[in-house]
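Just so it is clear: chains get the letters A, B, ... in the order the sequence lines come, proteins before strands, and each one is counted from 1.
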Number of protein chains: 2
Amino acid sequence: MQRSMGILGTRWKPIIIYTLRDRKARFGQLDALIENISRKVLTSSLKELEEDGIILREEFKELPPRVEYALTEKGKALIPIMCQLAKWNEEYYEEPAPLIL
Amino acid sequence: MQRSMGILGTRWKPIIIYTLRDRKARFGQLDALIENISRKVLTSSLKELEEDGIILREEFKELPPRVEYALTEKGKALIPIMCQLAKWNEEYYEEPAPLIL
DNA sequence: TAAAGTAGTTACCTTTGCGTAACTATCAAA
DNA sequence: TTTGATAGTTACGCAAAGGTAACTACTTTA
């Protein structure tokens with residue numbers, strides 16, 4: 001478990017994996033699909049996920065350049081887990097009590 | 001997903017939940033069961049998990065004092081997810097290549 | 001020659017996560 | 001009165017995570 005969390009224990013990485021669950025995506029698409037993530041964190045997270053064998057980066061020698069990110073087998077194995085995590089929130093989420101000023 | 005990760009997206013919280021999957025535990029037990037966690041992070045993580053309705057803190061008015069932590073229903077719903085995450089690592093873990101000096 | 005599109009990078013800064021070590025409170029027992 | 005046990009807290013500081021904004025590189029199209 002400690003090792004799993006060494007790889008995934010950040011706010012954004014599971015969200016990136018979840019976003020790639022049913023499609024490849026290009027850098028700009030990920031940036032657009034994931035609200036509030038900064039390009040910088042996206043870059044570094046993608047790089048680390050690639051190093052950990054979870055995603056694959058495919059570069060097309062075109063103009064303008066195109067790069068696609070997709071899950072590896074190891075990454076695909078996480079899809080059901082990520083989906084359950086999303087479902088868990090839907091089931092148990094409660095609006096925070098409104099602040100009365 | 002963003003909300004799930006707002007609650008769980010740290011290195012230690014999922015490990016704490018995983019540790020409580022099959023037992024209640026006292027503060028000192030958690031400190032001993034979870035290798036390398038510091039008491040400070042344990043304290044603050046437990047507090048936040050309680051605020052998020054994932055664990056329950058039960059204080060016994062004894063001497064010496066005793067406090068037990070256990071998962072709530074919301075927390076128990078995470079058990080299968082955490083177990084899958086642990087299993088995922090066992091399946092896909094590879095020893096890092098040894099450094100040759 | 002300048003704009004437009006893609007995929008970043010870089011510099012700089014703030015916040016959060018986390019660690020270590022020492023300290024606190026309470027009461028019982030020695 | 002000192003020790004021991006439990007469950008923390010506090011002070012201090014480092015490193016990682018994350019944000020913003022401006023900039024780069026390449027080539028096509030206007």
Side-chain angles (χ1 to χ4, degrees), chain A residues 1-20 23-52 54-71 96, chain B residues 1-20 23-52 54-71 82 85 96:
Chain A
M1 195 59 169
Q2 303 238 10
R3 278 198 307 253
S4 293
M5 296 320 292
I7 295 175
L8 301 171
T10 72
R11 235 167 223 63
W12 291 113
K13 285 180 188 173
I15 295 175
I16 293 172
I17 295 166
Y18 183 68
T19 305
L20 290 172
R23 50 141 76 83
K24 300 178 179 183
R26 305 170 58 168
F27 182 83
Q29 289 180 312
L30 287 170
D31 189 32
L33 286 167
I34 301 174
E35 284 178 34
N36 299 318
I37 199 173
S38 67
R39 293 170 98 70
K40 187 201 159 195
V41 170
L42 184 53
T43 304
S44 65
S45 300
L46 287 170
K47 206 167 287 176
E48 290 174 17
L49 287 171
E50 196 193 356
E51 285 169 8
D52 287 326
I54 290 172
I55 64 174
L56 209 69
R57 180 181 185 278
E58 194 178 2
E59 200 174 341
F60 297 86
K61 305 285 182 194
E62 297 176 0
L63 285 162
R66 181 159 62 104
V67 178
E68 284 187 348
Y69 294 93
L71 296 176
Chain B
M1 196 58 170
Q2 303 240 7
R3 278 198 307 255
S4 292
M5 296 321 292
I7 294 175
L8 301 171
T10 73
R11 232 165 225 68
W12 291 112
K13 285 180 187 174
I15 295 175
I16 294 172
I17 294 165
Y18 184 68
T19 303
L20 289 172
R23 47 141 76 81
K24 300 179 180 185
R26 305 171 59 168
F27 182 83
Q29 289 179 312
L30 287 170
D31 190 31
L33 286 167
I34 302 173
E35 283 178 34
N36 300 318
I37 196 171
S38 66
R39 293 169 99 71
K40 187 199 161 197
V41 170
L42 184 54
T43 305
S44 65
S45 300
L46 288 170
K47 206 168 284 176
E48 290 173 17
L49 286 172
E50 196 192 358
E51 284 169 9
D52 287 324
I54 291 172
I55 63 173
L56 209 70
R57 179 181 185 279
E58 194 179 2
E59 200 174 341
F60 297 86
K61 303 288 181 192
E62 298 177 352
L63 284 163
R66 179 159 63 104
V67 178
E68 283 188 347
Y69 294 93
L71 295 176
M82 297 301 135
L85 220 42

Remember a base hit wins even if backbone is also touched, and classify A/Lys61 as base, sugar-phosphate or nothing at under 4.0 Å, heavy atoms. nothing
Check the distance between D/dG8's C1' and B/Ile37's CD1 and give it to me in whole angstrom. 14 Å
Out of C/dC18, C/dA7, D/dA7, which has the shortest distance to the side chain of B/Arg26? D/dA7
If you pin A/Val67 and A/Gly9 to their nearest nucleotides in DNA chain C, which one's is more 5'? A/Val67
Which comes earlier along DNA chain D counting from the 5' end, the contact point of A/Ser38 or that of A/Lys13, where each point is its nearest nucleotide? A/Lys13
Of all the nucleotides listed (D/dG8, C/dG5, D/dT6), which has the minimum atom distance to the side chain of B/Arg57? D/dG8
Starting at atom NZ of B/Lys47, determine the distance to atom C1' of C/dT16, rounded to an integer number of angstrom. 16 Å
Any Lys/Arg nitrogen of A/Glu68 or A/Lys24 sitting under 4.0 Å from an Asp/Glu carboxylate oxygen of the other? yes
Compare all side-chain heavy atoms of B/Leu8 with those of B/Arg3 and state whether any distance is below 4.5 angstrom. no
Whole-Å distance, B/Gln2 CD to D/dG18 C1', equals 13 Å
For a quick test of reading the model: is some side-chain N or O of B/Trp12 closer than 4.0 Å to OP1 or OP2 of C/dT16? no
When rounded to whole Å, the CD to C1' distance for the pair B/Glu58 and D/dA7 reads 15 Å
Scan A/Tyr69 against the nucleic acid and name what it touches under 4.0 Å (heavy atoms): base, sugar-phosphate only, or nothing. sugar-phosphate
With rounding to the nearest 0.5 Å, note down the distance linking CZ in A/Arg66 to CD in A/Glu59. 11.5 Å
How close or far is atom C1' of D/dG8 from atom CD of B/Glu68, stated in whole angstroms? 16 Å
I need the CZ-C1' distance between B/Phe27 and C/dA25, as an integer number of Å. 15 Å
When all nucleic acid strands are considered with a 4.0 Å heavy-atom cut-off, which category describes B/Arg66: base, sugar-phosphate, or nothing? sugar-phosphate
Would you say B/Thr10 and A/Thr10 make side-chain contact, with heavy atoms under 4.5 Å? no
Hey, is CD on A/Glu35 packed in by over 12 heavy atoms from elsewhere, all under 6.0 Å? no
In this structure, how many angstroms lie between the P atom of D/dA21 and the CG atom of A/Leu42, rounded? 18 Å
Check the distance between D/dA5's C1' and B/Glu62's CD and give it to me in whole angstrom. 13 Å
5'-most contact on DNA chain C: A/Arg11 or A/Ser44, nearest heavy atom basis? A/Ser44
Among D/dT6, C/dT20, D/dT20, find the nucleotide with the atom closest to the side chain of A/Lys40. D/dT20
Among the nucleotides C/dC18, D/dG19, D/dA17, whichever has the atom closest to the side chain of B/Thr10 is C/dC18
Does a side-chain heavy-atom distance below 4.5 Å link B/Leu49 with B/Lys13? yes
Answer with base, sugar-phosphate or nothing: what part of the nucleic acid does B/Asn36 contact at a heavy-atom distance below 4.0 Å? sugar-phosphate
Phosphate contact (C/dA7 OP1 or OP2) by A/Arg39 side-chain N/O below 4.0 Å: no
Taking only the side-chain heavy atoms of A/Thr43 (C-beta and beyond), determine which of D/dA5, C/dC18, C/dT9 contains the nearest atom. C/dT9
